[in-house]
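Report on one structure; see the data block that follows.
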Amino acid sequence: MHIRFLIITLLIIVSSSALATHLETSSVESFIKDFFENFNNMTLENNPEQSFTFPVVFINDGKVRVLENASEKVFDYTAIRATGWAYSKIINTTVLDEGEYSAVVLVDFSRRSADDSFISTTMVCYTLSMTDQGRMIAGVSNPGGIKQEE
C-alpha cells in the first residue's frame, strides 16, 4: 500500500513539473500573442505600459533608442500605416531562453495590407522581464530592420 502511494505521489510530482514548464512557456507565448493583438489594435500608442516596462531599449538595424518612460512615443503608427500596413501576423514564436524573471523570445512575423497581401517579413528578438504587472517587454532587437519586400 505504501509503495502504491509513493508511486502515485512521484507520478503527480513529475507530471506537475512537466505541466508547470509547459505553462511557463505558454505564458511567454501568450504574452507575445497579446502584444501583437495590442500592436494591431494600435492601443500601444496611447498605453505603451500594457506591454512595455520602462526604460525600454530598441535596437533597430544598428540604431539604439532608449525610451526612459511611457510619455515617449514607442511606435509611429502614421509611418507604419504609410507602408500599406494593416496588421502584423505571427509566423512563429520561439522561446530561446526563459528564467524565473526574464525570457528571450524570437518572433518571426509578417506585415500585411488590408487585403491580406504580404508586405514584409521580419524576425525580432524580444527580451521580457517579470514585473509586478506580469511579463513586459524590456528590450527589442531587430538586427536587419523592417524592410519592404519587392
Do L67 and P55 come close enough that some side-chain heavy atom pair is under 4.5 Å? no

Does either side chain, that of N142 or that of T122, offer a donor lying less than 3.5 Å from an acceptor on the other one? no

Tell me whether V140 is reachable from M130 by hopping between hydrophobic residues (I, L, V, M, F, W, Y) whose side-chain heavy atoms are closer than 4.5 Å. no

If only side-chain N and O atoms count, and only distance matters, is there a donor-acceptor pair under 3.5 Å linking R81 with T83? no

Please tell me whether I91 and L96 are part of a single hydrophobic cluster in this structure, the criterion being side-chain heavy atoms less than 4.5 Å apart. no

Within a reach of under 6.0 Å around NZ of K33, are more than 12 heavy atoms found that belong to other residues, nucleotides or ligands? no

How far does CG of N38 sit from CZ of F31, to the nearest 0.5 angstrom? 8.0 Å

Output the distance between atom OG (S71) and atom CD (E49), rounded to the nearest 0.5 Å. 9.5 Å

Between Q50 and L44, is there a side-chain heavy-atom distance shorter than 4.5 Å? yes

Do L106 and M123 come close enough that some side-chain heavy atom pair is under 4.5 Å? yes

Using atom types as modelled and distance alone, determine if a side-chain donor or acceptor of R65 lies under 3.5 Å from a backbone N or O of V74. yes

Would you find a donor on one side and an acceptor on the other, under 3.5 Å apart, between the side chain of N60 and the backbone of K63? no

Return the NZ to CZ distance between K89 and F109, rounded to the nearest 0.5 Å. 14.0 Å

d(F54 CZ, M136 CE) to nearest 0.5 Å is 10.0 Å

Any carboxylate oxygen within less than 4.0 angstrom of a Lys/Arg side-chain nitrogen, looking at E98 and R135? yes

Honestly curious: do V57 and V105 fall in one hydrophobic cluster under the side-chain, below-4.5 Å linking rule? no

Is it the case that the side chain of T131 and the backbone of Q133 share a donor-acceptor pair, with hydrogens and angles ignored and the cut-off at 3.5 Å? yes

Indicate yes or no: at least one non-hydrogen side-chain atom of V107 is less than 4.5 angstrom from one of N92. no

What's the separation between atom OG in S120 and atom CZ in R112, rounded to the nearest 0.5 Å? 9.5 Å

Heavy atoms, side chains only, cut-off 4.5 Å: are V66 and V56 in contact? no

Find out whether S113 and W85 are in side-chain contact, i.e. whether some heavy atom of one side chain is under 4.5 Å from a heavy atom of the other. no

Ring center gap for F52 and F58 short of 6.0 angstrom: yes

Is it the case that the side chains of T43 and N41 hold a donor-acceptor pair, with the cut-off being a distance below 3.5 Å and no angle test? no

Side chains of L128 and V28, heavy atoms from C-beta outward: is any pair under 4.5 Å? yes

Is any side-chain heavy atom of S129 less than 4.5 Å from a side-chain heavy atom of Y101? no

How far does OG1 of T94 sit from CD of E29, to the nearest 0.5 angstrom? 8.0 Å

Is I59 reachable from V124 through a run of hydrophobic residues whose side-chain heavy atoms are each under 4.5 Å from the next? no

Any chance the rings of F35 and Y126 have centres within less than 6.0 Å? yes

Check for a donor-acceptor pair, side chain of S141 on one end and backbone N or O of C125 on the other, with a separation under 3.5 Å. no

